[in-house]
Amino acid sequence: MPDSTLLTAAQARHLLRHTGFGARVDEVATFASLTRGAAADRLLAFKPQGFKPGGVEPDIIHNKWISFMVRTKQPLQEKLVLFWHDHFATAFSKVQDARLMTKQNQLLRRNCKGNFRDLVKAINKDPAMMRFLDTTRNQKESPNENYARELLELFTLGPKDNAGNDNYAQADIVQIARAFTGWEFDAGKDAALATSLHDFTAAFPARGAKVIFASTGGFLPPGSGRSFTVGGEGANEIDEVIDIVLQHTDSDGKNTVARRIARRLIEYFAHPSPDLSFVDDVVGTGPSAFDATWDIAALLRRLFVHDAFYDTAEPLGPTSKRSVKWPVDYVVGTLRVLRMRLKGTQQFVDGGSYEPIMNQLANMGQVLFNPPSVFGWDWEMNWISSSTLLARYAFARDLTAARGGGAKGFHPEYFVDSALTDAAAIVDAVTHVLGITDELTSPERDTLVAYLTKDGTLTPDLTNYDYRDEKLRGLFALALQLPAYQLH
């Protein structure tokens, strides 16, 4: 049974890479002695860790979150907060209030592995979201449909089911927008309903009762729709909408939202394009299924013990399903694996180029608290272009050039036995630290060996400071730029 299957070292590394930021050698050794179920339980056992970025400037809260990711002992929590930050994307560029962005980060932190239904209901009333998608401008006299549209398209259903059928119609967006009219947030950043701005049926009899999914067959029998209780409209509607949306089913009777959220989490933690049977297995069946409990942690546990999750743990091959590391994964993971810390309020590599980490990440295509749109960031190969790849290379060189900085600098001699004199053994030691020894092609490995020996004219000597300072640092820099290190 997958739950009781002992992890191999490759599987332990795979699990830690995908659920955290990198995988240190000692962590891999610890998890390689566990079963899949025990490993998943250990990862998911964290208590939501408080984090108060503070500050009113976007670069300050950005840098504090990066620093927190580097230091945290609960990397899965940060990975989940990052996932939900992308899923429920809001951006400082429109919200224009770092305190609201911070408040939302704390909301995601509290709910990251909890109940999905509760999370969506909380997001409905999150001030940053209310400002970003214009809920605060949604009033009975002039309904604004922005949030209602994204609630269905991005946050819950998606536009079509697995058979290509529409999950909702424009009429449903209109009805939900009406249900959300009148919501604002007060000076204390708490959501409140201004009843005078809300669309009560009694006040607008010509509009009639609010009915959702009457035309798209979201429920059985097809076309039945769901109505709010006449006379029961008001503050509860904003939550009742979510209860109704979460009952929506695909044309084959499976829950639409459960499948979509499971698929998104699989794509994030495992690999792109999972088949439908994998998705349905992760959703589960019966009273413990995701569409019955909406328990995110339980869904993740089914994912982390599933055979298909570990399909990609073995050495890279032509048919491997691998994911491109997000820029934050690449940066934070490397800092953690090499036991480095950033310095100063601008968070730079001490002893390197002193380029603020926010600038480096921006060059790679990702700035926290500022995803490019409500769609979040584009994943996978969209992370890689000629310019963003060069930015990754620049970071690798910056990091490995950090000769100053004391304990925060880079000390390559910490990771390799200085008694090694065989170039191939040194290459293996360095790539082992980075977890890519099995991923190298023969030409790549030969190139690294040739670099250490100057094509056979130089004998490696790690006890010699000059050799170590040039060649060992250079070897780490080259390894960090290899294709294998850009992938999960």
Side-chain angles (χ1 to χ4, degrees), residues 1-49 69-84 109 112-114 116 261-272 274 278-284 288-290 293 295-316 320-323 325-326 329 332-334 336-337 339 432-439 484 487-488:
M1 294 293 289
D3 197 273
S4 58
T5 303
L6 276 174
L7 293 172
T8 65
Q11 291 171 339
R13 184 183 305 113
H14 173 84
L15 176 66
L16 291 167
R17 272 182 181 170
H18 287 249
T19 59
F21 301 100
R24 292 201 300 262
V25 173
D26 58 323
E27 294 171 326
V28 172
T30 298
F31 273 74
S33 64
L34 302 177
T35 64
R36 293 182 188 178
D41 290 338
R42 180 175 294 195
L43 290 170
L44 289 163
F46 67 84
K47 295 180 180 178
Q49 193 173 18
M69 288 178 176
V70 174
R71 299 193 318 270
T72 185
K73 295 180 179 179
Q74 300 178 170
L76 178 55
Q77 173 170 325
E78 300 313 307
K79 290 280 287 193
L80 281 166
V81 176
L82 185 57
F83 172 83
W84 295 120
R109 194 166 295 278
C112 66
K113 65 167 184 173
F116 181 73
I261 298 304
R263 179 179 293 278
R264 293 281 291 172
L265 285 165
I266 292 170
E267 291 171 343
Y268 180 68
F269 282 110
H271 55 72
F278 184 14
V279 174
D280 285 341
D281 280 352
V282 171
V283 170
S288 63
F290 185 53
T293 66
D295 185 338
I296 298 167
L299 180 145
L300 291 172
R301 192 185 189 284
R302 283 192 288 273
L303 170 60
F304 296 156
V305 302
H306 199 284
D307 284 339
F309 176 78
Y310 292 97
D311 279 350
T312 61
E314 301 307 319
L316 188 63
S320 298
K321 293 181 178 178
R322 294 299 177 98
S323 292
K325 287 180 180 174
W326 291 26
D329 269 313
V332 173
T334 304
R336 288 174 65 93
V337 168
R339 300 180 185 279
H432 180 61
V433 169
L434 301 179
I436 57 172
T437 305
D438 295 339
E439 316 292 344
L487 305 175
H488 275 307

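- In this structure, His14 contributes its side chain and Phe309 its backbone to a donor-acceptor pair below 3.5 Å.
- His18 NE2 to Leu43 CG: the interatomic distance, rounded to the nearest 0.5 Å, is 13.0 Å.
- Under a 3.5 Å cut-off, the side chain of Lys113 and the backbone N or O of Leu76 do not form any donor-acceptor pair.
- One finds a salt bridge joining Asp41 and Arg301 here, because a Lys/Arg side-chain nitrogen approaches an Asp/Glu carboxylate oxygen to under 4.0 Å.
- Across all non-hydrogen atoms, the minimal contact from Leu44 to Ala297 is CD1-O, 3.6 Å.
- Separation of the Phe83 and Trp326 ring centroids does not fall under the 6.0 Å cut-off.
- The two residues Arg24 and Arg336 come nearest to each other via the heavy atoms CD-O, 3.6 Å.
- Between Ile296 and Trp84 there is a side-chain heavy-atom pair separated by less than 4.5 Å.
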Exercise. May I have the step-by-step check of side-chain contact (heavy atoms from CB on, under 4.5 Å) for Val337 and Phe21, ending in yes or no?
Key: CA-CA 8 Å; Val337 168; Phe21 301 100; over 6 Å; no
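- The distance from the CG atom of Leu82 to the CE atom of Met69 is 5.0 Å, given to the nearest 0.5 Å.
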Quiz item: Given Val70 and Glu78, is the side-chain contact (heavy atoms from CB on, under 4.5 Å) satisfied, shown in steps?
Solution: CA-CA 10 Å; Val70 174; Glu78 300 313 307; over 6 Å; no
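- Closest approach of Leu7 to Ala39, counting heavy atoms only: CD1-CB, 3.6 Å.
- Checked by atom type and distance alone, the side chain of Arg109 never pairs as donor or acceptor with a backbone atom of Val81 at under 3.5 Å.
- Ring centroid separation for the pair Phe304 and Phe269 comes in under the 6.0 Å cut-off.
- For the side-chain contact (heavy atoms from CB on, under 4.5 Å) with Leu80, the lone residue among Pro75, Cys112, Pro48 that qualifies is Cys112.
- Side chain of Thr437 to backbone of His432: a donor-acceptor contact under 3.5 angstrom is found.
- The line from CG of Leu6 to CG of Leu34 is 8.5 Å long, rounded to the nearest 0.5 Å.
- Of all non-hydrogen atoms in Ala12 and Val28, the two that sit nearest each other are CB-O, 3.8 Å.
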Quiz item: Would Thr72 and Phe46 count as a side-chain contact (heavy atoms from CB on, under 4.5 Å) if you check the C-alpha gap in whole Å, the side-chain angles of each, and the deciding distance to 0.1 Å?
Solution: CA-CA 11 Å; Thr72 185; Phe46 67 84; over 6 Å; no
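- A distance of 11.0 Å separates CG of Leu15 from CZ of Arg42, quoted to the nearest 0.5 Å.
- Note: Gln11 CD to Leu16 CG = 12.0 Å, rounded to the nearest 0.5 Å.
- Nearest approach of Asp307 to Arg36, heavy atoms of both residues: OD1-NH1, 2.6 Å.
- Residue Leu299 holds its CG atom at 9.5 Å from CD1 of Ile261, rounded to the nearest 0.5 Å.
- Shortest non-hydrogen contact noted between Pro274 and Arg263 is O-NH1, 3.0 Å.
- A salt bridge links Lys79 to Asp329: at least one charged side-chain nitrogen sits closer than 4.0 Å to a carboxylate oxygen.
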